[in-house]
Amino acid sequence: MNWILLVVAGLFEVGFAACLGKAKESSGKIAVFWYLGFFICLTISMILLVKVTKELPIGTAYAVWTGIGAVGSVLVGIFVFKEPAYFWRIFFLSTLILSIVGLKIVSK
C-alpha cells in the first residue's frame with residue numbers, strides 16, 4: 001500500500017509542476033486558480049510523502065518520489081507545453097525510469 005501511495009504522491013508532484021506551468025501561461029483569476037491547484041497538489045504530495053516515509057526508507061522513497069515527478073513533468077512538458085522530445089532527452093528519461101524501477105526492485 002505504501003508504494004501505491006508513493007506513486008500517487010509522485011503524480012501529485014507532477015500536478016503541482018503542471019499547475020505552475022499553466023499559471024505562467026495565464027493571467028488574472030485563471031492564474032489564481034492554477035496557483036491554488038499548485039498549493040493543493042503540493043500539500044497532498046507532501047502529506048503522502050511524509051506518510052510513506054514512516055514505513056519505507058527515506059532515501060528510496062524520496063528518490064522514487066522525485067523520479068516520478070521528474071519523469072512526469074518532462075512528459076507533461078512534451079505533451080502539454082510542446083517542449084522538444086529529441087533523442088537524448090528521451091534516452092536519459094528512460095534511464096531515469098529504469099533507475100526508479102531498480103530502486104523498487106532492490107528495496108525491502
Between [X] and [Y], is there shared hydrophobic-cluster membership here, with clusters defined by ILVMFWY side-chain heavy atoms closer than 4.5 Å?
X: Leu5; Y: Met46; value: yes
X: Val76; Y: Tyr35; value: no
X: Phe16; Y: Phe39; value: yes
X: Leu48; Y: Val14; value: no
X: Ile97; Y: Ile78; value: yes

**Report entry** 4.5 Å side-chain heavy-atom contact, Lys104 and Val64
**Finding:** no
**Report entry** Minimum side-chain heavy-atom gap Leu93-Val71 below 4.5 Å
**Finding:** yes
What is the distance from atom [atom1] of [X] to atom [atom2] of [Y], rounded to the nearest 0.5 Å?
X: Ile100; Y: Thr95; atom1: CD1; atom2: OG1; answer: 9.5 Å
X: Leu11; Y: Ile44; atom1: CG; atom2: CD1; answer: 12.0 Å
X: Ile47; Y: Phe12; atom1: CD1; atom2: CZ; answer: 10.5 Å

Query - Phe81 atom CZ, over 12 foreign heavy atoms within 6.0 Å - result: yes
**Report entry** Within 6.0 angstrom of Phe79 CZ, more than 12 heavy atoms from elsewhere
**Finding:** no
Query raised in the report: Hey, mind stepping through Glu13 and Ile68 against side chain to side chain contact (heavy atoms under 4.5 Å, CB included) and telling me if it holds?
Result: CA-CA 8 Å; Glu13 184 182 6; Ile68 292 169; 5.7 Å; no
Report task. Go through the structure and list residues passing ring pair (Phe, Tyr, Trp, His ring centres under 6.0 Å) with Tyr62, not counting sequence neighbours. Result -> Trp65
Query raised in the report: For the residue pair Leu56 and Leu6, what are the closest heavy atoms and their distance?
Result: CD1-CD2, 4.1 Å
Report task. For residues Ser73 and Ala17, report the shortest heavy-atom separation together with the two atoms involved. Result -> OG-CB, 3.4 Å
**Report entry** Donor-acceptor pair, side chain of Ser45 and main chain of Leu42, under 3.5 angstrom
**Finding:** no
Query raised in the report: Under 3.5 Å, is there a donor-acceptor pair between the side chain of Thr53 and the main chain of Val50?
Result: yes
**Report entry** Step-by-step side chain to side chain contact (heavy atoms under 4.5 Å, CB included) determination, Ser99 to Leu103
**Finding:** CA-CA 6 Å; Ser99 297; Leu103 280 172; 5.7 Å; no
